[in-house]
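Here is how names work: the chains are called A, B, and so on, in the same order as the sequence lines, proteins then strands, and each is numbered from 1.
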Amino acid sequence: MPLPLRIATWNVNSVRQRIEHLLSYLKEVEPDVLCLQEIKCLDEAFPRLEVESAGYNVATHGQKTFNGVAILSKRPFEVTRGLPGDQGDTQSRYIEAVIPDGDGVVRVASIYLPNGNPPLTEKYSYKLAWMDRLISHARGLLKLEEPLVLAGDYNVIPEPRDVHDPAAWAGDALFLPATRERFRELMALGLTDSLRASTDAAGLYTFWDYQAGAWPRNNGIRIDHLLLSPRAADRLQSVSIDKDMRALEKPSDHVPIRIDLA
DNA sequence: ATGACTTGCGCGGCAAGA
């Protein structure tokens with residue numbers, strides 16, 4: 001039986017600030033694929049040589065100062081940059097890889113969905129429009145009937161059990177009814193939330209704010225998700241949140257989440 | 001408690017994040 005395929009996603013909050021954490025993660029966890037968000041640099045500023053020396057192929061979709069996504073893979077792969085549906089969108093938030101796997105492929109997307117705060121502004125309407133574009137694109141991808149993993153920072157708290165203090169987040173763009181409704185619409189295309197396929201537990205988080213002692217108080221939210229097509233879900237073996245990463249010196253405010261597929 | 005953090009940019013203090 002072949003080794004499982006390990007696929008992880010992590011919002012690094014600046015790859016250049018986090019290069020040592022990134023390299024130790026690659027060495028210790030050995031993901032086959034790692035999706036990164038908020039690399040916060042242009043393609044030419046990505047620490048490509050360090051990552052390649054660790055045994056990974058790299059594709060970036062960078063941007064100066066903000067946003068930026070990347071996919072790292074032990075196996076070489078084909079890449080597509082950008083989310084279809086709006087030629088005028090200049091924000092780098094989506095990159096997609098087709099990775100050889102056995103006789104076929106696994107398709108993996110690295111997603112940095114807009115934050116959307118504050119609500120009632122163009123930032124929130126951009127978030128909702130971006131989610132509509134993601135739903136349309138995912139509908140097309142699912143028709144391919146491939147193993148598909150839509151991984152990333154969705155900036156969506158799916159349910160009250162995914163937030164330490166639901167009342168405090170009631171009016172936030174990450175938790176508003178219209179946000180959650182679109183997330184449910186995405187899921188209803190036939191996707192499986194990896195974490196919820198393995199546990200119903202409350203209080204499993206992937207983000208803790210830097211402010212107000214959110215980490216020591218465990219005042220977190222679950223917003224980083226690995227969504228699976230049926231053929232990927234059939235192969236799901238395990239899910240892990242690498243919570244220890246939040247306790248390191250100079251951590252990202254997000255931690256990685258990962259799956260093993262048979 | 002008028003608080004509390006971390007980035008990029010670029011060298012002074014914003015803007016953005018969640």
Side-chain angles (χ1 to χ4, degrees), chain A residues 9-22 25 35-47 60-70 89-94 110-131 134 151-180 182-183 195 203-225 241-243 245-257:
Chain A
T9 182
W10 185 29
N11 179 322
V12 286
N13 187 19
S14 172
V15 70
R16 290 178 292 177
Q17 290 293 324
R18 225 65 64 200
I19 183 63
E20 294 308 322
H21 291 350
L22 172 60
Y25 187 77
C35 298
L36 296 176
Q37 301 86 37
E38 282 204 272
I39 62 173
K40 291 188 172 178
C41 64
L42 292 166
D43 294 336
E44 54 265 38
F46 190 94
T60 57
H61 185 35
Q63 183 179 334
K64 188 178 171 71
T65 311
F66 303 120
N67 308 319
V69 287
D89 186 358
T90 57
Q91 301 189 28
S92 298
R93 297 180 172 276
Y94 187 93
S110 179
I111 293 167
Y112 179 44
L113 207 147
N115 174 301
N117 279 307
L120 307 176
T121 67
E122 68 289 340
K123 292 192 175 186
Y124 191 59
S125 53
Y126 174 69
K127 176 177 193 154
L128 295 182
W130 207 95
M131 294 184 83
L134 181 61
D153 175 2
Y154 281 74
N155 273 313
V156 176
I157 302 165
E159 299 179 80
R161 60 181 166 172
D162 299 313
V163 49
H164 178 264
D165 183 359
W169 289 80
D172 193 281
L174 281 63
F175 197 49
L176 280 173
T179 304
R180 294 172 55 200
R182 274 172 180 75
F183 188 76
L195 190 91
L204 298 173
Y205 307 134
T206 63
F207 170 91
W208 296 261
D209 200 282
Y210 289 124
Q211 300 188 64
W215 167 246
R217 294 165 193 244
N218 195 29
N219 189 359
I221 53 179
R222 188 172 76 92
I223 57 174
D224 299 272
H225 309 298
I241 297 174
D242 292 302
K243 190 176 176 180
M245 297 283 284
R246 190 64 178 76
L248 299 176
E249 288 293 315
K250 298 279 285 179
S252 171
D253 41 8
H254 296 249
V255 296
I257 176 170

Exercise. Can you spot which of A:Ile221, A:Leu174, A:Asp153 makes a side chain to side chain contact (heavy atoms under 4.5 Å, CB included) with A:Phe207?
Key: A:Ile221
So, is [X] close to the [N] phosphate, meaning a side-chain N or O under 4.0 Å from OP1 or OP2?
X        : N      : result
A:His254 : B:dA18 : yes
A:Ser14  : B:dG8  : yes
A:Arg246 : B:dC5  : no
A:Asn155 : B:dA18 : yes
A:Arg18  : B:dT6  : no

Length of the [atom1]-[atom2] vector between [X] and [N], whole Å:
X        : N      : atom1 : atom2 : answer
A:Glu249 : B:dT6  : CD    : C1'   : 14 Å
A:Ile39  : B:dA16 : CD1   : C1'   : 17 Å
A:Asn13  : B:dT7  : CG    : P     : 6 Å
A:Glu38  : B:dT6  : CD    : C1'   : 11 Å
A:Tyr126 : B:dA16 : OH    : P     : 13 Å
A:Lys64  : B:dT7  : NZ    : P     : 18 Å
A:Gln63  : B:dA15 : CD    : P     : 18 Å
A:Leu113 : B:dG17 : CG    : C1'   : 14 Å

Could you work out the separation of [N] and [M] based on their [atom1] atoms and round it to a whole Å?
N      : M      : atom1 : result
B:dC14 : B:dA18 : P     : 22 Å
B:dG10 : B:dT6  : P     : 22 Å
B:dA16 : B:dT2  : P     : 27 Å
B:dC9  : B:dA4  : C1'   : 24 Å

Describe the nucleic acid contact of [X] in one word from base, sugar-phosphate, nothing, applying a heavy-atom distance below 4.0 Å.
X        : result
A:Asp224 : nothing
A:Asp172 : nothing
A:Lys123 : sugar-phosphate
A:Tyr154 : nothing

Quiz prompt | Which residues share a salt bridge (charged side-chain N to carboxylate O under 4.0 Å, His left out) with A:Arg180, sequence neighbours left out | solution = none
Quiz item: Do we see a donor-acceptor contact under 3.5 Å between the side chains of A:Gln37 and A:Thr9?
Solution: yes
Quiz item: For A:Asp89 and A:Tyr94, does a side-chain donor sit closer than 3.5 Å to a side-chain acceptor?
Solution: no
Quiz item: Pick the nucleotide of DNA chain B nearest each of A:Lys40 and A:Gly116; which residue has the one closer to the 5' end?
Solution: A:Lys40
Quiz item: For A:Thr65 and A:Asn11, take the nucleotide of DNA chain B holding the closest heavy atom to each; which residue's nucleotide lies nearer the 5' end?
Solution: A:Thr65
Quiz prompt | A:Asn155 versus A:Thr179, closest heavy-atom pair with distance | solution = O-CG2, 4.5 Å
Quiz item: Between A:Ala173 and A:Asn117, which heavy-atom pair has the shortest distance, and what is it?
Solution: N-OD1, 3.0 Å
Residues 212-219 of chain A side chain polar contacts: donor-acceptor under 3.5 Å, at least two apart:
from	atom 1	to	atom 2	distance (Å)
A:Arg217	NE	A:Ala212	O	3.3
A:Asn218	OD1	A:Trp208	NE1	3.0
A:Asn219	OD1	A:His164	ND1	3.4

Self-check item: Axial cation check for A:Tyr205 ring with A:Arg222, 6.0 Å and 45° limits
Solution: no
Quiz item: Tell me, which of residues 205-219 of chain A have any heavy atom that sits under 4.0 Å from an atom in DNA chain B?
Solution: A:Phe207, A:Tyr210, A:Gln211
